Amino acid sequence: MPVELLELRNITQQYRSRERVFTAVDNINLKVGEGEYATIVGPSGCGKSTLLRIVAGLQKPSSGQVLYRGEPITGVNPHAAIVFQTFALFPWLTVQQNVEVALIARGMSRRQAAEKAVELLDRVGLDGFETAYPRELSGGMRQKVGFARAMAVEPELLCLDEPFSALDVLSAENLRRDLIELWTSGAIPTRSILMITHNIEEAVTMSDRIIVMEKDPGRIVAEQKVNFPYPRYAKDPAVIQQVDTIYSILAGQTQSEEVELGAAPGEEGRMRALPSITVNELIGFMEFLAEIPSGTANVFELPGEMHISTDNLLRLTEAAELLGFITIAHGDVSLNPLGETFVEASINVRKEIFARRILRLPLFSWVLQMLQNAEDRELKWDDLREALESEFTPRIAEKQLDILVDWGRYAELISYDDREEKFTLGI
């Protein structure tokens, strides 16, 4: 049985606004063993990055405990290092100097740091680029410098925060392959890797275990072991099957009962945030589904077919399901009769259907009621934002207003004057 390196016990992270407590992650229990490559997947807002910062000791949880080799971590975790998605290099330093910074910070002399930096850069395939500056390198090569710098502190636990997401497709694939080669060959001192990603194929082709999270609040809903050997390829049947399974968990399955709509501001119960999707994106998604000859699409294949990210696809399916236009079952998505009617309808009929559907949503019914009761039947952006901040963080409250404007204008239920920052009732 592998030695347990990391344990998260009942980790909860909350943030407070003036009137409300927001729970980012709730009661997370997680263990990572020595020799394990574990990956956390889930939609935006589920708290993946929050957990990684807590593991590294860069953020203190509201409650719960982080244990490393059975001992509590109360400050920065000295056994962990993070590679971020945005490279985080010093542009005024050369490649070698960027790595030396971490070594000198550990107490090495400049001569020792220089020798070690050259060795690390050679290990990640950057020998010959020691005197180059970050601006001279491709995205993939800059991220390799990030890996070399993280390895400079010889971490037992390497934390990867979407390390390939800022790269082009080819650079990302090459860097994934290089990392797996370093990991499986023992060429890096790391005992375990904990990665977060939106890319499900990336998780399956790289990990030993996949932890699936959902949001509102962020919590673990499933774990999947990946038992087939390296190298793994996206078109392998075993990879395809496991990716399909994880997409099914993330997308969920439409229930026979009514989809949970949440509560309106001020009402008892949790208010559900609207997915950050424009009407044009939603219509494009539904028209794409309508053109599929079989009428049914496999969820995990859609990001590649539609050239969108996994996270964007999950927001699209959430919005379409919330409005009652699609059915999801066993990893497949299809338009239901209402969705088919919407796609086939004229422009004006589409607007009427959309208006009826969003009137069911507590957020829209609340705003319309507020407008009807307001003096001159108008409301300022700041007033609505302040009201929503009793339910959401300021950033999410702003995003909810953007969605209100886009969806409300399309349905002709709400008008918005950007110059005066004023909402009024629609046509």
Side-chain angles (χ1 to χ4, degrees), residues 37 39-40 44 48-59 75-183 187-190 192-199 202 206 309:
Y37 192 136
T39 297
I40 302 174
S44 288
K48 300 187 300 295
S49 293
T50 297
L51 278 183
L52 210 62
R53 289 194 296 270
I54 289 172
V55 166
L58 302 179
Q59 182 170 330
V76 174
N77 188 339
H79 310 288
I82 292 186
V83 176
F84 296 98
Q85 58 181 296
T86 51
F87 313 131
L89 302 180
F90 299 115
W92 58 89
L93 298 181
T94 65
V95 165
Q96 181 173 324
Q97 289 167 340
N98 265 283
V99 179
E100 287 175 2
V101 165
L103 296 164
I104 292 170
R106 294 184 65 203
M108 278 192 184
S109 68
R110 292 193 177 275
R111 182 183 63 79
Q112 290 173 319
E115 291 175 355
K116 184 67 173 177
V118 170
E119 177 195 333
L120 288 167
L121 290 169
D122 180 57
R123 203 179 299 178
V124 298
L126 284 178
D127 47 317
F129 290 89
E130 294 86 354
T131 59
Y133 286 90
R135 66 177 179 274
E136 301 177 67
L137 306 180
S138 66
M141 294 172 76
R142 288 199 295 273
Q143 194 63 308
K144 282 187 177 183
V145 180
F147 277 112
R149 189 169 62 186
M151 290 190 304
V153 300
E154 298 187 349
E156 285 194 327
L157 178 65
L158 182 61
C159 299
L160 306 178
D161 184 2
E162 303 233 28
F164 314 106
S165 62
L167 306 177
D168 62 85
V169 174
L170 290 178
S171 295
E173 185 56 36
N174 288 335
L175 191 51
R176 289 187 198 104
R177 188 165 52 246
D178 290 346
L179 176 60
I180 289 299
E181 182 179 337
L182 290 168
W183 166 246
I188 55 179
T190 298
S192 298
I193 295 177
L194 179 61
M195 180 172 79
I196 63 172
T197 183
H198 288 110
N199 189 322
E202 179 176 282
M206 300 187 75
S309 68

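Sequential numbering from 1 along the given sequence is applied to the chain's residues. Just so you know, these numbers use all the heavy atoms, side chains as well, and skip hydrogens, waters and symmetry mates. Owing to the predicted nature of the structure, the values given are computational and were not obtained by experimental measurement.
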Working to the nearest 0.5 Å, report the span between CD of Glu162 and CD1 of Ile196. 5.5 Å

When every non-hydrogen atom of Cys159 is compared with those of Val55, the smallest separation belongs to SG-CG1, 4.0 Å

Run the salt bridge (Lys or Arg N to Asp or Glu O under 4.0 Å) test against Arg176 and tell me which residues pass, sequence neighbours left out. Glu173, Glu202

Show your working on side-chain contact (heavy atoms from CB on, under 4.5 Å) between Leu160 and Leu179 and close with a plain yes or no. CA-CA 11 Å; Leu160 306 178; Leu179 176 60; 3.7 Å; yes

Scanning both residues in full, the closest heavy-atom pair of Thr50 with Gln59 reads CG2-NE2, 3.6 Å

Under 3.5 Å, which donor-acceptor pairs do the side chains of residues 107-119 form with other protein atoms, sequence neighbours left out?
residue : atom : partner : partner atom : Å
Ser109  : OG   : Gln112  : N            : 3.1
Ser109  : OG   : Gln112  : OE1          : 3.2
Arg111  : NH1  : Glu115  : OE2          : 3.1
Gln112  : OE1  : Ser109  : N            : 3.1
Glu119  : OE2  : Arg123  : NH2          : 2.5

Give me the atom names and distance for the closest heavy-atom approach of Arg135 to Pro91. NH1-O, 4.3 Å

Considering residues at least two apart in sequence or located in another chain, which fulfil the side chain to side chain donor-acceptor pair (under 3.5 Å) criterion with Thr190? none

Going by side chain to side chain donor-acceptor pair (under 3.5 Å), name the residues that satisfy it together with Ser192, two or more places apart in sequence or in a different chain. none

Taking the side chain as C-beta and beyond, is there a heavy-atom pair between Ile180 and Tyr37 under 4.5 Å? yes

Taking every heavy atom of Ser49 against every heavy atom of Asp161, the minimum-distance pair comes out as OG-OD1, 3.4 Å

What do the steps show when you test Met195 against Thr39 for side-chain contact (heavy atoms from CB on, under 4.5 Å), and what is the final call? CA-CA 5 Å; Met195 180 172 79; Thr39 297; 3.5 Å; yes

Using the side-chain contact (heavy atoms from CB on, under 4.5 Å) rule, take Gln143 and Phe164 through it: C-alpha gap first, then chi angles, then the decisive distance, then the call. CA-CA 8 Å; Gln143 194 63 308; Phe164 314 106; 5.6 Å; no

Residues in salt bridge (Lys or Arg N to Asp or Glu O under 4.0 Å) with Glu100, at least two apart? none

Run the side-chain contact (heavy atoms from CB on, under 4.5 Å) check on Leu89 and Leu137 step by step: do they pass? CA-CA 12 Å; Leu89 302 180; Leu137 306 180; 5.6 Å; no

Quick one: CD1 on Ile82 to CG on Leu52, what's the gap to the nearest 0.5 Å? 4.5 Å

Pairing residues for Asp127 by the side chain to side chain contact (heavy atoms under 4.5 Å, CB included) criterion, not counting sequence neighbours: Asp122, Glu130

Among residues at least two apart in sequence or on other chains, which ones pass side chain to side chain contact (heavy atoms under 4.5 Å, CB included) with Glu136? Ala132, Tyr133

How about Pro134 and Asn98: do any of their side-chain heavy atoms sit closer than 4.5 Å? yes

Checking Phe90 now: which residues fulfil ring-ring contact (aromatic ring centres under 6.0 Å, His included) with it, not counting sequence neighbours? Trp92

Going by salt bridge (Lys or Arg N to Asp or Glu O under 4.0 Å), name the residues that satisfy it together with Glu181, two or more places apart in sequence or in a different chain. none

Which residues share a side chain to side chain donor-acceptor pair (under 3.5 Å) with Glu156, sequence neighbours left out: Tyr68, Arg69

Can you list everything that forms a salt bridge (Lys or Arg N to Asp or Glu O under 4.0 Å) with Lys48? Sequence neighbours excluded, please. none

What's the shortest heavy-atom distance between Ala80 and Pro155, and which atoms? C-CB, 4.1 Å

Closest non-hydrogen atoms of Val83 and Gly146, given as atom of the first, atom of the second and distance, are CG2-O, 4.0 Å

